[in-house]
Amino acid sequence: MFPAGQHVLVPDVSWDEVKDWFDPESNGVLPDVRVEDTTIADWQSVLDLVRSAGWRHEYAVGGRSAQLPVRALDMLDRPDEETVALRVWPAEGMLAIFWMYAVEQVDFDVDLRELQGQDRLDLLCGFLRALGRTLGKPVVLTAEGCPDEPLLGFVPAVDRVVVLASKRP
């Protein structure tokens, strides 16, 4: 499921700590996840991770299925009117949708309905960890439409996913 060395046996975050944030009724279904201050090389690392991890994926340009480019530059160098999306399943029943809006930020959504309970939270944490370790950068999850209020994320300095919100749910 995740690349070698990309998992731990002890949960990064307890479901009891965050379950209120994972309520699709009150927080929206698709929380925003991002990695800031990225470059083409970082996007290339994302593509390489998807391939090397063997994660099932689908790539679409303007809503039409397409072959995933080998080079990230080809993925990001599109006319503004074309929506480019990379759908990745890092685990069965867990979808992350990457949006190619800008080189400077890796943006993706996950579906809270797929992330209920400790086991599913552990899968999400494993995915955030894999991405954060690959890029060597923080990966931050916020409630849908609340980009300035981080809830949890991968922190490279401690090499794990931690609660980032100042108050508990």
Side-chain angles (χ1 to χ4, degrees), residues 1-13 29-116 119-142 144 147 150-162:
M1 170 178 56
F2 296 106
Q6 301 274 324
H7 58 83
V8 294
L9 298 176
V10 176
D12 285 3
V13 176
V29 174
L30 302 172
D32 303 314
V33 189
R34 70 180 181 278
V35 180
E36 296 179 335
D37 300 320
T38 58
T39 64
I40 286 288
D42 292 317
W43 275 102
Q44 186 65 53
S45 293
V46 170
L47 286 183
D48 295 344
L49 174 62
V50 167
R51 286 187 174 103
S52 67
W55 294 330
R56 185 167 68 92
H57 60 275
E58 295 174 0
Y59 176 70
V61 178
R64 295 174 309 279
S65 187
Q67 180 75 26
L68 182 63
V70 172
R71 295 176 341 132
L73 184 59
D74 295 335
M75 186 175 69
L76 291 157
D77 188 23
R78 299 284 182 188
D80 287 338
E81 65 274 1
E82 287 190 312
T83 301
V84 179
L86 173 60
R87 300 167 68 87
V88 176
W89 288 267
E92 185 64 36
M94 182 183 146
L95 172 63
I97 305 172
F98 288 83
W99 302 102
M100 286 66 184
Y101 297 131
V103 170
E104 301 81 18
Q105 185 166 296
V106 172
D107 289 290
F108 64 98
D109 297 322
V110 292
D111 189 329
L112 289 183
R113 295 169 296 195
E114 299 173 344
L115 300 170
Q116 297 299 303
D119 289 345
R120 304 304 289 177
L121 176 61
D122 291 346
L123 289 174
L124 174 64
C125 289
F127 180 62
L128 300 181
R129 230 180 5 262
L131 186 60
R133 285 177 177 167
T134 296
L135 300 178
K137 297 182 180 193
V139 182
V140 177
L141 180 140
T142 64
E144 188 173 4
L151 300 176
L152 58 90
F154 174 79
V155 177
V158 295
D159 193 38
R160 61 187 298 125
V161 175
V162 299

Check for a donor-acceptor pair, side chain of [X] on one end and backbone N or O of [Y] on the other, with a separation under 3.5 Å.
X	Y	answer
T38	V103	yes
T142	P150	no
Q44	A72	yes
E58	L86	no
Q116	L112	yes
R34	P147	yes
D159	P156	no
R120	G93	yes

Between K137 and D37, is there a side-chain N and carboxylate O pair less than 4.0 Å apart?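 A salt bridge is absent here (no side-chain N lies under 4.0 Å from a carboxylate O).
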- Message: Taking the basic N atoms (NZ, or NE/NH1/NH2) and the acidic carboxylate oxygens, is any pair closer than 4.0 Å for D12 and R160?
- Response: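 Looking at D12 and R160, the cut-off is met.
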For the residue pair L76 and W43, establish whether any side-chain heavy-atom pair is separated by less than 4.5 Å.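 L76 reaches W43 side chain to side chain.
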Euclidean distance, [Y] [atom2] relative to [X] [atom1], rounded to 0.5 Å:
X	Y	atom1	atom2	result
D107	Y101	CG	OH	7.0 Å
F108	L30	CZ	CG	12.5 Å
I40	S45	CD1	OG	11.0 Å
L47	H57	CG	NE2	8.5 Å
E92	R56	CD	CZ	6.5 Å
L123	L115	CG	CG	8.0 Å

Atom of [X], atom of [Y] and distance for their closest heavy-atom approach:
X	Y	result
D122	V13	OD1-O, 4.4 Å
M94	F127	CE-CB, 3.7 Å
E144	V29	OE1-N, 3.1 Å

Requested in this report: Walk me through it: do M100 and E82 pass the test side-chain contact (heavy atoms from CB on, under 4.5 Å)?
Outcome: CA-CA 10 Å; M100 286 66 184; E82 287 190 312; over 6 Å; no
- Go through the steps to decide whether W55 and L49 satisfy the test side-chain contact (heavy atoms from CB on, under 4.5 Å), and finish with yes or no. CA-CA 9 Å; W55 294 330; L49 174 62; 3.7 Å; yes
*asked:* Walk me through whether D32 and D109 qualify under side-chain contact (heavy atoms from CB on, under 4.5 Å).
replied: CA-CA 5 Å; D32 303 314; D109 297 322; 3.3 Å; yes
Legend entry - CZ (R51) with more than 12 external heavy atoms under 6.0 Å: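 Atom CZ in R51 is crowded, with more than 12 foreign heavy atoms closer than 6.0 Å.
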query: How far apart are the C-alpha atoms of V140 and V33, what are their side-chain angles, what is the distance that settles it, and do they pass the side-chain contact (heavy atoms from CB on, under 4.5 Å) test?
result: CA-CA 5 Å; V140 177; V33 189; over 6 Å; no
